[in-house]
Amino acid sequence: MADPPPPAGTFAPLRHPAFRAIWAASLLSNLGGLVQSVGAAWLMTTLATSADQVALVQAAATLPIMLLALLAGAVADSLDRRLVMIAAQGFMLAVSLLLAALAWAGLVTPPLLLLLTFLIGCGTALNGPAWQASVGDMVPRADLPAAVALNSMAFNVARSAGPALGGAVVALSGAGAAFLLNALSYLGLIAVLLRWRPARPEAALPRESLGAAMRAGLRYVSLAPPILAALLRGLVFGAGAVAATALMPLVASETLGGGPVTYGLLLGAFGVGAVGGALVSGRLRARLSTEALVRGASLGFALALVGVALSRSLPLTLLALLPAGAAWVLALSSLNVTVQMSTPRWVVARALSLYQMATFGGMAGGAWAWGLAAEHAGLPLAFGGAAAVLALAALLGLRLPLPETAGRDLGPLAAWQAPATALPVEPRSGPVVVAVEWRVADGDQPAFLRLMAERRRVRRRDGAQDWHLLRDLADPELWVERYRVPTWLDYLRLNTRPTREDAEVWAGLRALTRGGRPLVRRMIEREPRPPLQDAAAAARELAAPDADPSRPA
């Protein structure tokens with residue numbers, strides 16, 4: 001395995017024009033989104049009568065990501081990601097304009113506010129996987145961690161200024177002005193995306209249906225331990241960390257006795273801390289493992305929430321929120337990088353969408369739970385419970401440590417060619433059964449079985465079904481690997497998905513095989529039919545006016 005490249009500088013990805021332009025436009029869009037969030041949360045405090053309804057604004061914004069992320073990831077992996085992002089931004093623009101008009105007309109009710117916030121969240125859910133997967137198309141792999149950190153920085157720069165700006169806008173002109181400002185912020189990003197013309201590699205095989213693509217994404221992630229670890233850690237971290245933002249309107253109004261400006265200052269302090277975390281993330285990654293970084297961020301966030309719970313002073317609360325913001329960006333960007341750098345390009349949007357589903361699902365559930373806890377037990381106990389969940393997120397590292405991803409080569413192996421067949425086959429022909437005969441000396445069989453366990457995981461991960469390893473009773477050196485796929489096209493897809501990293505397992509197995517190469521048999525399953533049924537079917541086919549005599553039997 002090649003030595004890992006040196007960590008990229010914090011701003012190295014900005015050397016790439018496409019990333020720089022979209023990053024800058026996203027910064028402005030994030031600013032508008034934060035202004036909208038302040039307007040929605042504060043408007044709910046004037047419309048609702050309970051704390052859990054206020055917290056549901058945050059839940060309504062994040063719940064669509066949990067519900068729609070996998071579909072959005074399949075769309076992003078299957079279609080032009082640029083067009084997907086343009087469609088998502090246009091949809092959010094339309095909903096934001098509607099929300100602004102209703103707010104100015106005084107027609108917004110708590111259920112309607114939650115519904116429109118949910119719809120904006122749907123646009124965010126569609127946009128997220130396409131945008132995050134596109135980052136790997138804009139920058140080289142060595143710059144990817146820094147690019148992910150810069151994306152977090154863009155959001156949190158907006159978080160630093162956006163809430164304060166949002167608080168001022170709401171105080172001066174009302175929530176409707178905040179919603180209109182958010183609508184206008186989408187225009188710049190749409191304009192940049194319309195001008196961007198990324199190179200799209202020509203697809204060698206037909207596109208999967210969305211249902212098949214979603215199943216393939218679920219299968220891949222379920223058989224990729226590094227991604228599963230990141231998903232579970234993100235779920236628990238998100239459930240605890242969301243308390244900081246979900247309960248912040250109540251901290252501003254009840255604990256500190258302030259208004260929208262106070263709320264904006266609190267979110268601004270959180271954002272300043274997050275920007276600081278993004279700025280030091282590169283140096284921390286150079287000195288600490290990913291696991292140590294995420295574990296330390298989880299514990300630091302827990303301590304910060306305890307500080308918020310105990311504070312009754314605005315300066316002390318602002319001071320406690322600084323490390324919370326830094327921990328937020330360090331943990332989530334590290335988990336995001338783990339997913340991106342553990343996934344090949346053909347399925348990266350789906351893997352990221354499942355990561356988002358887990359993380360934002362935790363946030364949606366956590367926002368609702370901490371709102372109920374604050375309503376029935378008070379803010380200090382709600383923050384204490386969230387701190388305990390973050391401590392659990394750190395302890396999970398003892399059982400589910402995050403791997404180091406530098407130096408992994410997940411590019412396509414691109415060494416396989418479709419075999420010639422004596423019988424005619426079409427893409428839909430199938431089911432296809434593959435039998436691979438391996439001849440292994442007795443002394444090499446323990447090593448063979450260890451490598452075959454990894455091959456089983458990779459084959460199942462890439463689409464093989466009913467995988468089995470058989471040993472011949474009459475010839476103990478003969479082992480047969482057997483699996484099936486639904487169609488010939490699925491078989492072709494299966495063999496285009498192994499990575500250069502997987503080639504190490506392939507080479508190890510060939511080295512243990514007598515003769516160096518196994519014997520591969522590819523077969524089509526066929527169901528035998530009784531003679532009378534067969535004759536009747538043949539008669540019906542001959543009688544049919546549109547019978548095709550060239551159709552394979």
Side-chain angles (χ1 to χ4, degrees), residues 25-50 52-68 72 85-128 155 158-159 161-191 245-246 248-249 252-253 259-261 263-264 267 360 363-364 367-368 371:
S26 296
L27 174 60
L28 294 177
S29 181
N30 288 333
L31 183 65
L34 266 296
V35 170
Q36 190 272 343
S37 295
V38 172
W42 196 258
L43 179 59
M44 184 60 85
T45 63
T46 66
L47 298 173
T49 58
S50 64
D52 60 310
Q53 285 184 299
V54 176
L56 278 176
V57 173
Q58 181 78 16
T62 55
L63 184 60
I65 298 176
M66 183 182 68
L67 298 177
L68 303 176
M85 288 189 282
I86 291 172
Q89 298 292 324
F91 176 76
M92 290 187 285
L93 169 63
V95 176
S96 296
L97 287 173
L98 175 61
L99 183 56
L102 292 173
W104 268 323
L107 300 177
V108 178
T109 62
L112 184 59
L113 178 59
L114 291 175
L115 173 62
L116 294 177
T117 301
F118 179 85
L119 290 178
I120 292 175
C122 290
T124 302
L126 180 62
N127 183 77
F155 178 78
R159 187 189 291 275
L165 176 61
V169 169
V170 171
L172 294 174
S173 305
F179 302 147
L180 178 61
L181 186 61
N182 179 46
L184 296 176
S185 73
Y186 295 121
L187 295 177
L189 185 53
I190 292 173
T245 52
M248 213 171 284
S253 60
V261 174
Y263 175 50
L267 282 178
F360 284 92
M363 290 181 187
W368 176 75

What's the shortest heavy-atom distance between [X] and [Y], and which atoms?
X	Y	value
Ala367	Ala246	CB-CB, 3.9 Å
Ala41	Tyr263	CB-OH, 3.8 Å
Ala178	Gly39	CB-CA, 4.2 Å
Ala100	Leu180	CB-N, 3.7 Å
Gly33	Ser185	N-OG, 4.5 Å

Output every pair passing side chain to side chain donor-acceptor pair (under 3.5 Å) with a member in residues 86-98, not counting sequence neighbours, ordered by first then second residue.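 Qualifying pairs: Gln89-Asn127, Ser96-Asn182.
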Solution key, residues 102-110 side-chain donor-acceptor pairs under 3.5 Å, sequence neighbours excluded:
| residue | atom | partner | partner atom | Å |
| --- | --- | --- | --- | --- |
| Thr109 | OG1 | Leu112 | N | 3.3 |

Hey, does Leu114 have a side-chain heavy atom less than 4.5 Å from the side chain of Met44?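 Yes - at least one pair of side-chain heavy atoms lies under 4.5 Å apart.
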So, do Leu187 and Leu93 sit near enough that their side-chain heavy atoms are less than 4.5 Å apart?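 Yes, their side chains come closer than 4.5 Å.
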What side-chain donor-acceptor pairs closer than 3.5 Å can you find for residues 117-125, not counting sequence neighbours?
| residue | atom | partner | partner atom | Å |
| --- | --- | --- | --- | --- |
| Thr117 | OG1 | Leu113 | O | 2.7 |
| Thr124 | OG1 | Ile120 | O | 3.1 |

To the nearest 0.5 Å, tell me how far Leu43 CG sits from Gln36 CD.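 That separation rounds to 10.0 Å.
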Rounded to the nearest 0.5 Å, how far apart are CD1 of Ile190 and CE of Met85?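 Going from the CD1 atom of Ile190 to the CE atom of Met85 covers 12.0 Å.
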